[in-house]
Amino acid sequence: MSQNNNLLASLSDVSTESEFFSPFPQGYQKGKTRYIIIMGTVMSGLGKGIFSSCLAKLMQDKGLNVSPIKLEGYLNIDSGTLNPYRHGEVFVLDDGMECDMDLGTYERMLNKNLSKANFATSGQIFSDVLHKERHGDYLGRDVQMIPHLTGEVKLKLRTLAMKSDADIVFVEIGGTVGDLENSFYIEAMRELAYEEGPHSTCFVALTYILEPKTLGEQKSKAAQLGIRQLMQLGVQPDIIACRASNPVNEKVRQKISIYSNVPMERVFSMHDCSSIYTIPAMLRESGVDFGVLQLLKIEDRIKLRTERKEWAKWCDFTDKLGAEDKEINIGITGKYTSVRDSYASILNALEHAGIAKGSKVNIKWIETSEVNDKNAAEFLKDVDGIIVPGGFGTRGTEGKISCIKYARENNLPYLGLCLGFQMAVIEFARNVCGLKDANSTEIIPNCPAPVIDILPEQKKIEGLGGNMRLGGRDVELKRGTIAWQIYGKQDSVRLRFRHRYEVDPKYIETFENKGLVFSGKAPNQPIMQILELPDHPFFMGTQAHPCLTSRPLNPEPMFVGLVDAAAKRKYKAK
Ligand code: GLN
């Protein structure tokens with residue numbers, strides 16, 4: 001039975017007499033939580049998640065409790081089976097939910113952990129409705145898109161509102177207005193506004209202002225039509241955010257305002273800027289945060305003192321942007337080298353670490369299919385450090401191992417993430433321990449020295465959806481090691497995982513005898529989580545994905561360690 005059902009007062013209001021079907025969680029108080037709904041028109045990729053998370057951050061700074069939710073249109077139950085090349089990286093939450101990369105943006109901006117309640121797909125919603133139908137919860141009724149499917153969407157939002165005790169729930173609808181697959185979400189939001197009553201919802205439409213090079217001026221027609229399409233669905237936007245390459249001029253804003261019934265002071269320019277971390281300031285200057293408070297009538301809930309403190313903290317961080325006095329090149333090896341979104345969290349983590357250490361980090365992508373022991377030096381000649389990130393399958397793995405060998409032997413700072421940790425183990429096994437045939441059974445199933453093998457708990461699993469070793473786990477740190485030092489001499493740290501394979505425990509002694517240190521382990525199982533080489537300037541690998549927990553205000557120590565070592569190597573400082 002769906003877990004939402006426990007929360008329902010009852011579905012007895014499912015009557016064959018009334019058309020008013022709208023399930024509420026037990027104890028739900030109308031008016032306590034307000035909803036800000038963000039939709040995109042004209043095209044996808046406008047940065048709805050960025051806009052939404054920046055606005056949510058401003059509201060959080062004011063002492064309000066905010067909770068975001070992303071509603072995805074696709075039928076997959078989660079993002080775990082999506083190819084990052086098509087859809088951006090798979091972000092993993094502490095509770096193991098595999099979700100859209102936008103959840104990463106929210107966690108970074110809000111500096112807090114989210115959960116599966118903050119992410120929904122059409123697949124989940126349909127599956128919950130079908131489950132209830134089989135259980136007999138809608139007895140006597142034909143189950144329909146409206147009101148049952150839309151009812152399920154509203155139930156999700158209200159459950160989140162209640163569980164998180166939110167002042168504001170930020171609802172980001174994936175895709176673009178006009179997509180068939182998100183149309184029931186928009187209908188659900190129209191119903192939500194009707195049911196929750198005046199001042200409970202605020203609709204934000206993101207749109208795009210074209211500026212064709214051949215014309216040299218901004219054109220608003222596509223934006224007007226996109227907004228009109230939203231209005232045809234019965235939704236009147238309250239705020240329009242105009243994405244554009246340059247600041248949107250007054251005339252264009254006027255046209256949009258007239259066409260959409262949205263007053264000029266609520267039609268904002270959200271033009272491109274150098275860093276997403278400058279967007280909160282841009283939004284504050286435009287007054288959108290106060291516009292929202294007035295619309296929702298919750299000015300009385302804000303705490304000005306908290307806001308002053310939080311804003312000062314944020315400005316201390318943004319003041320460092322662009323003030324870096326060093327510049328380093330980090331090489332990233334990987335399969336999805338042409339799509340930056342596939343490595344979003346790693347790029348973010350490097351940026352956070354760079355800002356913290358006063359280093360501008362340039363990325364050099366390294367396609368490893370062509371790399372071998374002989375030519376690795378050539379490929380790595382202008383990098384100051386390298387990362388071998390996570391991945392699946394066999395492509396380019398030998399090239400990665402050659403890069404790691406070069407890094408180990410030439411004191412080049414190295415950070416291995418998940419697959420990069422496993423490849424470092426294989427390299428060490430082959431070239432230091434003399435296990436020439438060492439490999440992973442993911443790459444060679446019958447390999448004679450399977451130093452990386454499938455986790456015992458994974459052996460009996462069939463199918464590929466949502467069943468890896470997933471989510472946040474405590475990692476026990478070994479006292480006196482580099483990992484222990486960089487994590488502030490704590491005995492334990494929480495990191496996030498997504499893998500099926502591990503170091504086969506029977507080889508651990510062989511590795512340790514040759515000087516490899518496993519500085520992080522699972523508390524109650526022989527699962528190795530962090531490795532390091534004590535005599536190298538910085539050589540670290542982790543079975544986890546520390547990039548997922550790096551935050552602008554709390555840069556991830558392993559990334560800081562890499563950036564620091566790379567800068568020291570380049571600038572020869574002690
Ligand atoms: N393919 C490896 C495993 O399943 C590594 C996974 C990863 O890098 N996320 O263990």
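Quick note: numbers below take in every heavy atom, side chains included, and nothing from hydrogens, waters or symmetry partners. Small disclaimer: the values here were computed from a predicted structure and weren't measured. Remember, it's 1-based here, ligands and their atoms both numbered in the order they're listed.
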* Between His352 and Tyr277, how do the two ring planes meet: parallel, tilted or perpendicular, split at 30° and 60°? -> tilted
* To do: Just jot down the side-chain hydrogen bond (donor to acceptor under 3.5 Å, both in side chains) partners of Asp102, sequence neighbours excluded, or say none.
  => Lys70
* Asked: Is the shortest distance from a heavy atom of Glu502 to ligand 1 less than 4.0 Å?
  -> no
* To do: Can you measure from OG1 (Thr542) to CD (Gln422) and round to the nearest 0.5 angstrom?
  => 10.5 Å
* To the nearest 0.1 Å, how far is atom 4 (O) of ligand 1 from its closest protein heavy atom, and which atom is that? -> Arg500 N, 2.9 Å
* Asked: Mind checking whether Phe126 and Phe184 have ring centres under 6.0 Å apart?
  -> yes
* Asked: So, does Met468 sit close enough to ligand 1 that a heavy atom of it is under 4.0 Å from the ligand?
  -> no
* If you count the non-hydrogen atoms of other residues, nucleotides and ligands that lie under 6.0 Å from NZ in Lys357, is the total more than 12? -> no
* Counting from 1, what ligand 1 atoms have a heavy atom of Gly390 closer than 4.0 Å? -> 8 (O)
* Asked: Got the closest protein heavy atom to atom 1 (N) of ligand 1, with its distance?
  -> Glu442 OE1, 2.7 Å
* Asked: In the protein, what heavy atom is nearest to atom 9 (N) of ligand 1, and what distance, to one decimal place, separates them?
  -> Arg498 O, 2.9 Å
* Atoms of ligand 1 less than 4.0 Å from His545 heavy atoms? -> 9 (N)
* Structure fact -> re atom 8 (O) of ligand 1, the protein heavy-atom contact at minimum distance is Gly391 N, 2.9 Å
* Is it the case that Arg108 and Asn554 place a side-chain donor and acceptor less than 3.5 Å from each other? -> no
* Of the protein's non-hydrogen atoms, which lies at the shortest distance from atom 7 (C) of ligand 1, and what is that distance? -> Cys418 SG, 3.1 Å
* Asked: Cut-off 3.5 Å, side chains only: do Ser492 and Tyr487 have a donor facing an acceptor?
  -> no
* Please report which non-hydrogen protein atom sits nearest to atom 10 (O) of ligand 1, along with the residue it belongs to and the distance in Å to one decimal place. => Tyr501 N, 2.8 Å
